[in-house]
Amino acid sequence: MEVKTKNFKNVLLHWYKYNKREYAWRNNSDPWSIYLLEVISQQTQLDRADKYFKKFIKEFPTPNDMATTSFKKVLKMWSGLGYNSRAKRMFESSKIIAEKSFDDLYPDFQQLPGVGPYTENAILSFAYNEQVITEDINVKRIISRYFGVENPKKYIDHFSSLLLKNTNSRNLNQAFMDFGSSICKPRSPLCSDCPLENTCEKYFNYETKPIEKFSGSNRELRGNLIKLLLKKGNLKVNTIQQELDADQDRLNEILKKMQKDGLVKLNTNNLVEIYPG
DNA sequence: GTCCCGTCAG
DNA sequence: CTGACGGGAC
């Protein structure tokens, strides 16, 4: 298994050298830039994330620039990315970072809202050059398939030091992502183009998340509600219901949830507003 | 229809 | 551990 692991890594890195996707932030090690990019790219294709990243880093070159603007402004810029709670958590995080700085928070970045195990490791690897694996869905899928293991986490825990030995973690982590996106794809992997094909276990049992229906979902309604509030300002529930042609009960339900998520608020005049304005 | 560098609450 | 959580491009 050790020999196989070493070979796997070498082939993967060699493939990456000639097939990497070029993005400006890949040569960047500023923690704030890395943080922004990582939050924006959660559950989002890189080409799209890249465009938004450029916009955000230009508008908010430092955490303080975001911390001192309005949430509404951040949400407007976020429009089109989806999962608006990410924007909210990013906004809240910017205030914490503006106060304490990444170096003060190091290495426990999970104390920032919206930062979990993946993003923490991404910051550690890309901004602090730490020897950690960014264990995202691509890494898990590739490891599972190639080594024929049901539980890739266990494998990674066991072999991460071997994978990272004499290796720049940043290159390795990014190699996983590009390889997973263009060769070892979730549904239709391009095994015939794969440089690891002859030694791969081709274990395809690792589950991929089923795609949730969007049309007609609460997610769609929530998205439309945010869009409406950004455009027209604060509105009465009745008005929203008419504008969105929404079912009363369902609208109340998502309003409740969105207040809990801290995205909207019912102000004293009983108007729904983006929160914090 | 399919896809996308996760996180959080319950 | 499971389900909720966007939205544009192809």
Side-chain angles (χ1 to χ4, degrees), chain A residues 16 20-21 23 25-26 28 33-53 75-90 92-93 109-127 132-143 151 153 156 169-190 207-230 244 250 253-264:
Chain A
Y16 178 64
K20 71 190 287 188
R21 291 178 285 185
Y23 296 110
W25 39 264
R26 283 202 156 161
N28 188 329
S33 300
I34 301 296
Y35 165 80
L36 275 186
L37 183 276
E38 292 301 333
V39 172
I40 290 170
S41 66
Q42 286 166 8
Q43 301 292 286
T44 303
Q45 285 106 328
L46 282 203
D47 281 339
R48 182 132 49 100
D50 187 47
K51 294 194 184 82
Y52 280 82
F53 168 73
L75 252 192
K76 272 184 193 156
M77 287 179 61
W78 190 266
S79 175
L81 275 171
Y83 292 132
N84 292 303
S85 294
R86 283 189 293 165
K88 169 76 177 190
R89 292 169 185 147
M90 176 178 74
E92 296 305 328
S93 290
F109 300 122
Q110 290 193 47
Q111 60 190 289
L112 296 170
V115 174
Y118 166 79
T119 306
E120 175 172 86
N121 275 348
I123 299 171
L124 287 171
S125 172
F126 303 146
V132 292
I133 304 273
T134 54
E135 210 177 310
D136 74 330
I137 190 65
N138 290 298
V139 175
K140 289 182 204 159
R141 186 179 62 252
I142 294 165
I143 295 286
N151 185 347
K153 181 165 177 37
I156 294 166
S169 70
R170 166 183 215 131
N171 283 337
L172 183 65
N173 288 324
Q174 288 172 352
F176 269 115
M177 306 192 189
D178 285 4
F179 189 70
S181 142
S182 63
I183 302 287
C184 202
K185 302 192 289 182
R187 320 265 160 172
S188 38
L190 303 180
E207 51 201 271
T208 46
K209 272 188 190 174
I211 294 161
E212 292 172 63
K213 213 179 349 178
F214 179 58
S215 178
S217 68
N218 280 350
R219 301 158 69 194
E220 183 181 40
L221 186 55
R222 288 168 58 112
N224 288 338
L225 173 52
I226 292 284
K227 214 178 288 179
L228 185 65
L229 290 175
L230 285 178
L244 299 180
R250 224 175 111 222
E253 195 185 315
I254 68 156
L255 272 174
K256 206 166 131 191
K257 182 86 190 307
M258 289 175 82
Q259 288 183 71
K260 200 168 208 171
D261 289 342
L263 285 170
V264 301

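Sequence lines set the chain letters: A, B, ... in the order given, protein chains first and strands last, and positions in each chain run from 1.
Of the P atoms belonging to B/dT7 and C/dG8, the separation is 23 Å, rounded to the nearest Å. B/dC5 sits 23 Å from C/dA4 when the P atoms are compared, rounded to a whole Å.
When rounded to the nearest whole Å, the span between CD of A/Glu135 and P of B/dT7 equals 11 Å. Rounded to an integer number of Å, the gap from A/Arg48 CZ to C/dG8 C1' is 5 Å.
A/Ser217 comes within 4.0 angstrom of no nucleic acid atom, judged by non-hydrogen atoms across all strands. Contact annotation for A/Ile226: no contact, since no heavy-atom pair falls under 4.0 Å across all strands. Looking at heavy-atom distances under 4.0 Å, A/Gln42 makes contact with sugar-phosphate atoms alone, never a base. Residue contacts for A/Asn218: at a heavy-atom cut-off of 4.0 Å it reaches the sugar-phosphate backbone alone, with no base atom in range. Here A/Lys257 lies in heavy-atom contact (under 4.0 Å) with sugar-phosphate atoms only. Contact annotation for A/Lys51: no contact, since no heavy-atom pair falls under 4.0 Å across all strands.
Stem analysis of DNA chain C (Watson-Crick or G-U pairs, both distances under 3.5 Å, runs of at least three) returns B:1-4 with C:7-10, B:6-10 with C:1-5.
With hydrogens and angles ignored, a donor-acceptor pair closer than 3.5 Å exists between the side chain of A/Glu212 and the base of C/dC5. The base of B/dG10 is not paired with the side chain of A/Lys260 by any donor and acceptor separated by under 3.5 Å.
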